[in-house]
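Before any comments, here is the structure.
So you know, we letter chains A, B, ... as the sequences are listed, proteins then strands, and number each from 1.
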Protein chains: 4
Amino acid sequence: MSAFPEVSKIKYEGPQSDNPLAFRWYNPDEVVAGKTMKEHLRFTVVYWHTFRGTGADPFGGATMCRPWDDGTESVENACNRARVAFEFFEKLDAPFYAFHDRDVAPEGASLAETNANFDAVAKVLKEQQDATGVKLLWGTANMFSNPRFMHGAATTCNVDVFTYAAAQVKKALEVTNELGGENYVFWGGREGYQCLYNTDMKRELDHLGRFFQMAVDYAKEIGFKGQFLIEPKPKEPTKHQYDSDAAACLNFLRAYDLTDHFKLNIETNHATLAGHEMMHELEYAGMQGMLGSIDANTGDLLLGWDTDQFATNYYLTTQIMLVLLKYGLSPGGVNFDAKVRRESFEPIDLFYAHIGSMDAFARGLKIAAKMIDEGGLSKLVDQRYSSWDGDLGKKIEAGQVSFTDLEKIMLEKGEVEANASGRQELMENIFNRYLDLA
Amino acid sequence: MSAFPEVSKIKYEGPQSDNPLAFRWYNPDEVVAGKTMKEHLRFTVVYWHTFRGTGADPFGGATMCRPWDDGTESVENACNRARVAFEFFEKLDAPFYAFHDRDVAPEGASLAETNANFDAVAKVLKEQQDATGVKLLWGTANMFSNPRFMHGAATTCNVDVFTYAAAQVKKALEVTNELGGENYVFWGGREGYQCLYNTDMKRELDHLGRFFQMAVDYAKEIGFKGQFLIEPKPKEPTKHQYDSDAAACLNFLRAYDLTDHFKLNIETNHATLAGHEMMHELEYAGMQGMLGSIDANTGDLLLGWDTDQFATNYYLTTQIMLVLLKYGLSPGGVNFDAKVRRESFEPIDLFYAHIGSMDAFARGLKIAAKMIDEGGLSKLVDQRYSSWDGDLGKKIEAGQVSFTDLEKIMLEKGEVEANASGRQELMENIFNRYLDLA
Amino acid sequence: MSAFPEVSKIKYEGPQSDNPLAFRWYNPDEVVAGKTMKEHLRFTVVYWHTFRGTGADPFGGATMCRPWDDGTESVENACNRARVAFEFFEKLDAPFYAFHDRDVAPEGASLAETNANFDAVAKVLKEQQDATGVKLLWGTANMFSNPRFMHGAATTCNVDVFTYAAAQVKKALEVTNELGGENYVFWGGREGYQCLYNTDMKRELDHLGRFFQMAVDYAKEIGFKGQFLIEPKPKEPTKHQYDSDAAACLNFLRAYDLTDHFKLNIETNHATLAGHEMMHELEYAGMQGMLGSIDANTGDLLLGWDTDQFATNYYLTTQIMLVLLKYGLSPGGVNFDAKVRRESFEPIDLFYAHIGSMDAFARGLKIAAKMIDEGGLSKLVDQRYSSWDGDLGKKIEAGQVSFTDLEKIMLEKGEVEANASGRQELMENIFNRYLDLA
Amino acid sequence: MSAFPEVSKIKYEGPQSDNPLAFRWYNPDEVVAGKTMKEHLRFTVVYWHTFRGTGADPFGGATMCRPWDDGTESVENACNRARVAFEFFEKLDAPFYAFHDRDVAPEGASLAETNANFDAVAKVLKEQQDATGVKLLWGTANMFSNPRFMHGAATTCNVDVFTYAAAQVKKALEVTNELGGENYVFWGGREGYQCLYNTDMKRELDHLGRFFQMAVDYAKEIGFKGQFLIEPKPKEPTKHQYDSDAAACLNFLRAYDLTDHFKLNIETNHATLAGHEMMHELEYAGMQGMLGSIDANTGDLLLGWDTDQFATNYYLTTQIMLVLLKYGLSPGGVNFDAKVRRESFEPIDLFYAHIGSMDAFARGLKIAAKMIDEGGLSKLVDQRYSSWDGDLGKKIEAGQVSFTDLEKIMLEKGEVEANASGRQELMENIFNRYLDLA
Ligand SMILES: [Co+2]
Ligand SMILES: [Co+2]
Ligand SMILES: [Co+2]
Ligand SMILES: [Co+2]
Ligand SMILES: [Co+2]
Ligand SMILES: [Co+2]
Ligand SMILES: [Co+2]
Ligand SMILES: [Co+2]
C-alpha cells in the first residue's frame, strides 16, 4: 500500500514547468562537466529529519502528519516506516539515504534488546536497498537523544556511558558495513560542555581521541572500508562542542594522529553558527585534503540556532558546487540534513522541500560548471596573484630565500610595486551574470 | 618636564580607598599563591592604544587630548612621546610595555629611512628602560595600517609586499632583541580575505607558513631567545582572518610544523568575536601547552566589533586568573591591549582606566588563588569524574581495551550506572561566594 | 508527605555561610532603602520551568527527576503537583508564584473539559494559597505549545484558532481573578511569523490589537483590577515575534490605543536576544511609565537562543536593582522565569538555583541602594548634564526657542564650549568599588 | 577636463552583454508595472561614500585613488570635486544624488565661515543640477564626524553642542530647500550612548523631540515642502542609537507627536544589525504609512558592523522591490549608501559597483512585478487567510464580538478546524521559479 498514492515518480520537466512536483533543473542523466548530475550530486535523504522529525520545538509539541506511522516504538512500526521511506526515496529519485541507529530502530530494555531491534530493521533496510537500488551513504549512532548521554558520550564524566557508547558505535559500524554504507559519520552533539567550571576539557578530549582510535581499529577488524567523517558544529545542544568547526576538528585529528582515517562532513548551518561562510569551511577542509561530504541545508543568519532549512538560495548552492567541483565529493554526498518547517506538516511538503533544494543544487552545479569552464572568476584570480609566478615568488615558495635576502631587495627598491584593485564588486557582478545565463 | 604633573606614583591604599588614583587591590609586593602580585600579573602597557590612539572611529575624527604630542610625524616628537610613555609606565607602576614598530617611530620615505627612524627612537627606549627598570614584554611589526598591506602582508597577492613585510619583521626582531624583549608577537590583521571569489586561500597560507619559518630561522641567526606568539582574531579589519581562534592557529602551526617555536597570545575580545569564552580559549591553548600570553581587555558582547575596553568585570578576571594560575604566564604578561573610550579623551582617563583594570585583575588573582587553594570548584570536579579513576577508566585511558571488550561489559550490564547532576548552579553560587569573601 | 523531606525552610545565615541551603544575602525582613527586602524584591517562582520543565531540548529527551510526579496528564497528578509546588514555595520563602493555564492543569478532550480541569486544579491552588500565604503574582494562558497554535493565537491565519484563544484567555482571566492574581501576562510566543512570503503582517497585527481590546473589556466586565503585561521577545520559537522588544511593544500599544491598560514584563534573556542590555530595556520602559515587572533570568550572550538561566551575576542584578529602585516594581515582581540546566536534574538543584539567584538579587539590591544613597554614579551624571541647568538649557527644554534663536547664539560664539570627558572608565571603577564594599 | 575619460555614458546592452561598463538589466525607459524603470527606482548616488570615502578603516589608512581630489580642505577643491561628481552621476545615468553638508563643503574656523563655504559649494551644485538635470533626493547635516559631537548632537550633555546642531540643521535645511531637495534626512549616528552609567536617557530623548519639533517649525517657516526622514540604525558608532529600528523610531515619533512630519529611510545593513530582515523593516514601516525611502546597500551577516556594501543579491533586491511596489517610494529613492571595498580603490571600481547594483535592483523590479502580476505568492497568501473572510472573521475585524461571544462558539465546537500547511518551502520554490523566468 502506498504512503504517497497521489505522487508519482518525480520527473524532470525543465525550467518553465510550473508543476510543483517536477524537477525544473535536476535532470539526473544530463552531463555537466564530464559527469552526469546524478554522479556529481549524490543526493541523499536523511532518515532523522524526514522520517522521524515531529515538528516539536522548545515551545511546542509535535505537528507532523505522518499517516503511515502508528506512533508506537514497536519494531513493526519501524519496519513499516522503513518501507515508506524507500517509497519516498524512489519517488524522489534519490540515489542515497543515511540514518542513525536510533532513528531506524527503537531502543529496547537493554543493550542486547536494542541491538536485536536494530538487526530486525536492518534486515528490512537491506531488502529495500536491494529492491530499489537506493544505497546507504552513511550510518551513524545517535549518542545525544537518550538522557544517559546528558554529560556526553565519548567525553562523558561517567565511564559507564563511554562504555555504552563504544558498544553502540561497534554495532552501528557492523550494520553500516553490512548495508554497504560508504561512510560512517560522527556528530558529537553532546561532546562538549555546558559550563567550564565543572569540566575537565583535557581529560575529555583525551577520551575522545581514544574512542576514535578504537573505532578505527574496529573498522579494520571487520573490514569496513568506508570513510570516517566528523561533522563540525560549534554549539547547540551544548554551549560548546569540541568539534566546533573545520579548524577545531583538524587540529584535534592532527593532535591525536587520526588524519589518515577521518575527513569532514561540512554543514552550512553549522558553518554559519561558527561564524564562517559555508564556502570557507569547504575550501578550508578541501585545501587540506580533508573534505569528505556535505550536509546540504541552510540556516537563518538572523537566528542563533540550527534551523536546518532546505537550501534554495542559488548563491549558496553555486558557491558550494564551485568548491565541490574543485575537490570532488565521492564517497561523500549532498546530504539533505534539513527539515520541513514545523508549519509545513503535510506529507506533500516533504516532496516540495526536497524537490526545490535538489533543483537549487542542480542549477548551482550548472552555473558553477560554466563559471569554471569559462574562467569567469579564475582568470581574474590568476592575474591577481601573477606577481608570485615570477622568479622571486618561485624562490620564496620553494624556501630558497631568507629575511636577509628579502631585506636586501627591499632596501634597494625602497617601496613596493603598486597594488592593484581587488575588484570584489566586479567579481560579484560577474557571478550574477553567470547566475543569469547558466 | 612632566606630562602628568598632577599625578604622583600610584600607590596601594586598600579596598576602602575612594581615591581614584590609588590601587585598591593591586599591591605589587603582596604574596599570593607563593609569588608576589607583580610576578604573577606582569602588567604591560601597550603603546598602540595608550600613546597612539586618537579616538577616531569609522564615523568620526580624533578626540584625544595629548598635550605632549605635537601631532607631527617627526622623529623628535616620537622620542619625546617615548619619554612621556615611560613617565606613565613608572607612575602607573607597570613593569612592562609593548610596542609595534610603526607606533614608536614614524615611517620614512624609504625602507632605509624608516629603519633609521626606528633605530633613533629605539635608542631613547633603551635609555628609558635602563633609567626606569621598565622592561619590554614584546615587540611586533605593524603590517596592517599602511595601504601597501591592503591585500595582506605575508599573505598578500603582491610578492613585493611579502618582501617588504619580511624586511620589516627582520628589523623589528633585531630591535626587539636589542631591547631585551621577552616575546615577539604576530597579529595578522590583514592576513585573511575580504571575499573568497578573488582569493587563493591555500597559496596564501603556504606563504604564511614560509614567512613564519623564515622568522624562526632569523631569530636563531641573531640569537633572539624570546617566545614567538600568534594572536588569534577571527575578523576585523578583514572579513576572515586566518588566525581566527586558538584552534585555527594551532591547526596551522601543526600543519606547517611550527609548534616548537610559537605559542598563542589570547585576547578576550578576540575570543568572544570568535564565539568563545575567554576562559575557553585560555584553557584550550593551555591544555595543549600553547598558552603564551594574554591581551587583557574586554569586549561588548552586544556589539560585533573589537571594542578593546579595559576589563573591570570580576567574573572575567577571576576566570582568567584561574587558568593562568594553572598553566603559568611567563614569559608572557597581562597586556593591556585596551583603549579608553573615545569620549574619555583627557590624559587622566588613561590612569583611571589602567588602575581600574589592574585592580580588577589583582582582585581576580586573589579570588582565584583562594578558590584553588580551598578546592572550591575542583573538589566537585574531581568527584564528577571519579568513575574514571577506577580500573575500567584507567584501562581505557591507557589504551588497553577495544570496542569488543567494552561491548561485552555493557551487554552484561544492559544499562549504564545512573548519571549524577552536573551541579552547574551550585558551582555558580560557590563562585559568587568566593567573589564575596576573597 | 513531603516531596523535599531533606530540606527545611531556607534561612538567612549571612555572607560567610557555606551552607548551600541557606541564604547568604537574602534576609527578608532586613530593611534596605526604606523597605524590607521582601517588599522590594517580591520573588516569584514560576510553575512553567520549575514544575513542568522536563530537561528536553531539541536534541534530547527529558532528564528531570521529579519523584512526586507520576508522569500522567491526570487532574489528580496535577493537584498533587500543585501541593508539592507550594511546599517548595514555602521552604524557599518565596512570597509569590506565577502560572500558565496549561502548566497547572491538563488539557481535556474539549474546551469544556479543559476548563473543568483548570477549575479543579484552581481549587487546590486556592486552598494552598490560603494555607501558606503565598500569593499569585500573575496568571497567563499558554497559547504556544498546542499544535493548534502553530500559526499563532491572536495572529493566526485560522479564525477558529483566534476564537479558541479568546475563550482560553477569558477563562485564564477568570481564574487569575479568583485567585487574586495581581497581574495578567501575555507572552506571544507564536504571535509572529516564520516567513514573510506567506504572512499578512498588517492583518495579523490588527487582529492582535482587537484581541487585547477584548481582554481589556472583559477584565472590566469581571472586575479584574490586575495589571496587564506584555512580555517582549524578538524570536524563538518563531523567526520574528511582533512583541520584539520594549520599543516594538510600546509602538504597538500606542498605535492601538492600549497604553492605559498595559505595561511591560521585561526579561533579561529576551532583552539580549533583541540586542539590548537588560538595563536599557528597563530604563526605556521605565522612563515612559511602562515598566511593570521583570523576568529575572539571564542568558548566554555567546548563544543565540533563550537559555533562561538563573541569574547570579552581581553586575546584572545590581544594574537591574538600580532601575527598579528608581521606578518601583509593584504590582510586578522579580519573577524567576529560569530553568535549571538539563544536567542539573535532581530536585535539590531547584533549591540551589533559586537560592543563588535570590542571594544575587538581594546583594544587587544592597549595592544599588548604597550607590543611590551616596550618589556614587549620580553625582557624576548630574555634573555631566549641568550645562542644561542654565538659562539656555531651561528655555530649550521649555520649548521657548527656535532654530533662528539658536543660530544667532552660535554665530556669535563661532564654536562650542569644550566638551568634558565622559568618564566611563572611572564610573566602571566606582561601580566595582560599590560591589566590593556594599 | 574629464575625470573619467575612459568611461562613456553607461548604456543598456541586455543580459547577454559581458561589457562590465554596460547595464544588463537597468533600461531606464523600459516600462514595468505601468511605469518606467527610472520612475520606479529613482537611483541616487551618495556623496558621502562615493566622493568622500577614503578607504580608511579602524586598522588602516586611506587607500582610495581619486586623481581629481587634491586632498586639501579648500573650497576650490570642494567645488572641483562637485563637478567631478556630476560627471559621474551623468555617465552613470543616475537621476538623483544626496549629500551631507560637511561632505560637499569644508568646515571653516567658525560657524559663519563654515556656512559661507557651504554656500559657495551649493552654488556649484545648483549650476551642475541645472546643467545636467540630476536632482537632489535629499540633504542632511553631518553631526557625527566632528569631535564636538562626541556626546551626541541633539542628545548631547553639552547645551552648546545642541545649539550648534540646531544652527547647522537650519542651514542644511535652507540649502536643501534652495537646491530643490525632495527630502531631508536625519541619521543620528551619535544620538545614543556608550554607557548607561553616565547617561540620562529620558532627558536626552526629550531634547531630541524638541529638536525635531524645531526642525518642523523652521521648515514651515521657509516653505520647505520636502519629506523629513529618520534613518534607523541600532549601533555603531555608539553602543546604542536611539533610532534603533523602525519600531523604536515610530514609538518615538508617536510619543513626541511627530508622525505627521516624518517617515523612515530604511537601510538594509541597519535592519540586519538590528536583527531584522530588510523586507521586515520595509513592510513594518509601510503598513503604518511610514515608509519614506531606502538606503540600498547590503551587509555581511557574519560581520557585526555596517559594511555598507553594494547590493547585488537578487533575493534581496526582489524582496525589496516586492514591498516598494506595494507602498510606493516617491518622494524617496533607491539611495546607494554603499561604499566600494577598501581594496577596490581605483575610480573605475565606482562604476562597476554602481552598475552591478543598479542592474540587481532592475532585475529585482522585473521579478517582483511579474510575481505580483501573476499572483505567484499572493494567491497562496490569500488562500491562507481565507477563513477570516467569512462572517465570524468579518465581525471580529469590525470589533463586533466579545470574549464571551467567542467562548460560546468554541465551547460548542470543542476544538478548532484543522490548520493547513504554511507551505513555506513551496513558496520558496515559487520564488526561485520567478527568479529563473523573469
Ligand atoms: Co544542523
Ligand atoms: Co548535519
Ligand atoms: Co582587539
Ligand atoms: Co590584541
Ligand atoms: Co525567556
Ligand atoms: Co519570560
Ligand atoms: Co549603513
Ligand atoms: Co544609510
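- For C:Tyr284, the parts lying under 4.5 angstrom from a heavy atom of chain D are both the backbone and the side chain.
- With a 4.5 Å cut-off on non-hydrogen atoms, C:Leu411 touches chain D through its backbone and its side chain both.
- The part of C:Leu173 that comes within reach of chain D is its side chain, from C-beta onward, which places non-hydrogen atoms under 4.5 angstrom from that chain.
- Of the two parts of C:Glu412, neither the backbone nor the side chain holds a non-hydrogen atom closer than 4.5 Å to a non-hydrogen atom of chain D.
- In terms of non-hydrogen atom pairs under 4.5 Å with chain C, the most contact-rich of D:Gly275, D:Ser110, D:Gly414 is D:Gly414.
- Looking at C:Leu111 and D:Lys413, their side chains never come closer than 4.5 Å, going by heavy atoms from C-beta outward.
- By number of non-hydrogen pairs under 4.5 angstrom with chain C, the leading residue of D:Lys202, D:Arg254, D:Glu221 is D:Arg254.
- Note: D:Met410 CE to C:Tyr164 OH = 8.0 Å, rounded to the nearest 0.5 Å.
- With a 4.5 angstrom heavy-atom cutoff, C:Leu205 touches chain D only via side-chain atoms.
- For D:Lys408, no part lies near chain C; criterion is any non-hydrogen pair under 4.5 Å.
- Only the side chain of D:Asp245 comes within less than 4.5 Å of a heavy atom in chain C; its backbone stays farther off.
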Counting only pairs under 3.5 Å, give me each side-chain donor-acceptor contact of residues 390-400 of chain C, with atom names and distances, residues two or more places apart or in other chains.
unit_1   : atom_1 : unit_2   : atom_2 : d
C:Glu397 : OE2    : D:Arg203 : NE     : 2.9
C:Glu397 : OE2    : D:Arg203 : NH2    : 3.4
C:Glu397 : OE2    : D:His207 : NE2    : 2.5

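- No part of C:Gln213 comes within reach of chain D, as not one of its non-hydrogen atoms sits under 4.5 angstrom from that chain.
- In this structure, chain C has a heavy atom under 4.5 Å from the side chain of D:Tyr218, while its backbone stays farther away.
- Residue contact with chain D, scored on non-hydrogen atoms closer than 4.5 Å, involves the side chain of C:Arg210 exclusively.
- Going from atom CH2 of D:Trp388 over to atom CG of C:Asn158 covers 9.0 Å, rounded to the nearest 0.5 Å.
- Here the OG atom belonging to D:Ser378 is positioned 12.5 Å from the CG atom belonging to C:Asn198, to the nearest 0.5 angstrom.
- Of the atoms belonging to C:Phe211, heavy atoms from both backbone and side chain fall under 4.5 Å from chain D.
- Residue C:His280 holds its NE2 atom at 3.5 Å from NE2 of D:His240, rounded to the nearest 0.5 Å.
- With a 4.5 Å cut-off on non-hydrogen atoms, C:Asn115 touches chain D through its side chain but not through its backbone.
- For a residue to count as touching a neighbouring chain, one of its non-hydrogen atoms must lie under 4.5 Å from one of that chain's; by this rule C:Glu277 touches chain D with the side chain only.
- Taking D:Arg384, D:Met427, D:Met287 one by one and counting their heavy-atom pairs under 4.5 Å with chain C, the maximum is reached by D:Arg384.
- For residues 415-423 of chain D, heavy-atom neighbours of chain C at less than 4.5 Å comprise D:Glu415, D:Val416, D:Glu417, D:Ala418, D:Asn419, D:Ala420, D:Ser421, D:Gly422, sorted by residue number.
- Annotation: maximal heavy-atom pairing with chain C below 4.5 Å, among D:Ala215, D:Ser386, D:Ala274, occurs at D:Ala215.
- Between C:Phe431 and D:Tyr197, the two ring planes are parallel [angle under 30°; tilted spans 30° to 60°].
- Residue contact with chain C, scored on non-hydrogen atoms closer than 4.5 Å, is absent for D:Glu113.
- With values rounded to the nearest 0.5 angstrom, D:Lys170 atom NZ is found 3.0 Å from C:Glu407 atom CD.
- Using a distance-only test at 3.5 Å, with no hydrogens or angles considered, no donor-acceptor pair links the side chain of C:Thr163 to the main chain of D:Leu406.
- Between C:Phe403 and D:Val169, the shortest heavy-atom distance links the atoms CE2-CG1, 3.6 Å.
- The contact between C:Asp389 and chain D is made by backbone and side chain atoms together, counting heavy-atom distances below 4.5 Å.
- The residue among D:Thr114, D:Leu253, D:Thr199 with the most heavy atom pairs within less than 4.5 Å of chain C is D:Thr199.
- Among the candidates D:Pro234, D:Ala248, D:Ala255, the residue making the largest number of heavy-atom pairs closer than 4.5 Å to chain C is D:Ala255.
- Proximity to chain D (any heavy atom under 4.5 Å) is shown, for C:Thr259, by neither the backbone nor the side chain.
- Only the side chain of C:His276 comes within contact range of chain D, judged by heavy atoms closer than 4.5 Å.
- Within the 4.5 angstrom heavy-atom criterion, no atom of C:Gln168 approaches chain D.
- With values rounded to the nearest 0.5 angstrom, C:Gln288 atom CD is found 5.0 Å from D:Asn251 atom CG.
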